[in-house]
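Heads up: numbering here begins at 1 and tracks the sequence.
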Amino acid sequence: MRLTTLLLVAALSGGRERCGRGDEARAELARQVTDISAGAESYAQERPALSGAQLLVAMQADPDLGPLVRELGRYQVKLLARGGHVVVLLCSEDGARALLEDSACTPAVDRDESAAPGRACGFSIDPVVACARARAP
């Protein structure tokens, strides 16, 4: 029993050493962005005529979603809304480069640019196309 516990602890701590603080920070950002994209998708389906900027304002006023958006205050958060679907784009503080881009139609973050040199802060995913692909058999 002790040997099994010792091996398990060693295996788990060894895996931790390979996962740096940057990886943990990116994983936390990805979780926050996917939570925001899920909330934004709900808003977009309820109010399909709203633009991404209007949805973001509505979300900031929401008692549940507002704190999620504010947690990302040092970053620029942008929404692209089309056809009742949304893509969330998280950009660097200065707005120069994209970090994460997510459509709520897929289970994970669609684009993670946070570890790469970076592309300009602009949408690369069309929400209607992303959701159509996600629903295709």
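Residues Leu80 and Leu89 fail the side-chain proximity criterion, which asks for heavy atoms closer than 4.5 Å. Side-chain atoms of Ile36 and Leu72, non-hydrogen and from C-beta on, do get closer than 4.5 Å to each other.
Checked by atom type and distance alone, the side chain of Ser92 pairs as donor or acceptor with a backbone atom of Arg97 at under 3.5 Å. In this structure, the side chain of Glu41 does not engage the main chain of His85 through any donor-acceptor pair within 3.5 Å.
Between the CD atom in Gln32 and the CG atom in Leu90 there is a gap of 8.5 Å [rounded to 0.5 Å]. Between the OH atom in Tyr43 and the CG atom in Leu50 there is a gap of 10.0 Å [rounded to 0.5 Å]. Leu56 CG to Leu79 CG: the interatomic distance, rounded to the nearest 0.5 Å, is 5.0 Å. Put simply, OG on Ser42 and CG on Asp64 are 11.0 Å apart, with the number rounded to the nearest 0.5 Å. Remark: Glu101 CD to Ser124 OG distance equals 3.5 Å, nearest 0.5 Å. Here the straight-line distance linking atom CZ of Arg47 with atom CD of Gln54 works out to 10.5 Å at 0.5 Å rounding.
Of all the heavy atoms in Gly52 and Ala81, the pair that sits closest is N-CB, 3.8 Å. Residue Ser37 comes nearest to Ala104 through the heavy atom pair O-CB, 3.3 Å, listed as atom of the first residue, atom of the second, then distance. Shown here for Ser103 and Ala130, the closest heavy-atom pair between the two residues is OG-CB, 3.9 Å. Of all non-hydrogen atoms in Ala40 and Val86, the two that sit nearest each other are O-CG2, 3.6 Å.
Looking at residues two or more places apart in sequence or on another chain, you find a salt bridge (Lys or Arg N to Asp or Glu O under 4.0 Å) between Asp126 and Arg82. Under the salt bridge (Lys or Arg N to Asp or Glu O under 4.0 Å) criterion, Glu28 pairs with Arg31, not counting sequence neighbours. Qualifying salt bridge (Lys or Arg N to Asp or Glu O under 4.0 Å) partners for Arg74, counting only residues two or more places apart in sequence or in other chains: Glu93.
At a threshold of 4.5 Å between side-chain heavy atoms, the hydrophobic network of Ile, Leu, Val, Met, Phe, Trp and Tyr places Val87 and Leu65 in two separate groups. Follow the hydrophobic side-chain contacts under 4.5 Å out from Val77 and you reach Leu68 in the same cluster.
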